[in-house]
Amino acid sequence: MSVAESRPPVRAGCGWDIHRLVAGRPLRLGGVTIPWPSGLLGHSDGDVVLHALCDALLGAVGAGDIGTHFPDTDAAYEGIDSAILVERVVLLVRQRGHQVGNVDVTILAEQPRLGPVLPLMRGRLAALLEIDAERVSLKAKTMEGLGAIGRGEAIAASVVAIVVAT
Ligand code: MG
C-alpha cells in the first residue's frame, strides 16, 4: 500500500465526555472559566469540552483515547489545565501527518446558560487548535430537565473533529 493510500486525505473522529458538577470548584468549560458556584469534578480541571475534543482528535488519527495518553492515575495530570492536553494532542495530530480541519462541539448543560460565553469559548478553541474561528462550531443545549444533566448534576460534551492530511 502506498503512503497516499495508507493516509486518507480526510479523517473524522468523535469524542464524548461527562463530569459531575460539585460545589466550590471553578467551572472550566471549553478552556474558559465561567463564574458559577459549582464546577466540574475531575482529576484534571474537569473540562468536558476539552476532553471530548481530545478524544475526537485522537480518534480521527487512530491514536487511542485521552485516558491512555493522560491517565488519571498519573499525578502529573492532577489539576492540570486541560488546554495543555489539547495542545499536546494537536501536536500528535501533526506528527501523524494531519492538521485540524474543523470541529463541531455540542455541550449539554442545564445551567448555566452558555449562550453568552460561546463566542469567547469559540475564540479560545480556535487558538488552541490553531485554526480560524470559522472552523469551530459550538452549540449549547439543555436536557429539558431530564436525567442527571437535566437536574444540574453534570455537564456533558460531544465533539466531531475532521482532520486533513498535510
Ligand atoms: Mg473527562
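As the structure is a prediction and not an experimental result, all values here were calculated from the model. Whatever order the structure lists them in is the order used to number ligands and atoms, beginning at 1. All residue numbers refer to positions in the sequence shown, counting from 1.
Between His43 and Thr73, the side chains place no donor N or O within less than 3.5 Å of an acceptor N or O (distance only, hydrogens not considered). A side-chain donor-acceptor contact under 3.5 Å links Ser82 and His51.
Asp47 lies apart from the Mg ion (ligand 1) in this respect, since none of its N, O or S atoms is found at a distance under 2.8 Å.
Remark: Lys139 NZ is packed, more than 12 non-hydrogen atoms of other residues, nucleotides or ligands lying under 6.0 Å away.
Between the side chain of Asp47 and the backbone N or O of Gly31 there is at least one donor-acceptor pair closer than 3.5 Å.
At the Mg ion (ligand 1), the angle from NE2 in His19 to ND1 in His51 is 100° when rounded to 10°.
When you scan the N, O or S atoms of Asp17 for the one nearest the Mg ion (ligand 1), you land on OD2.
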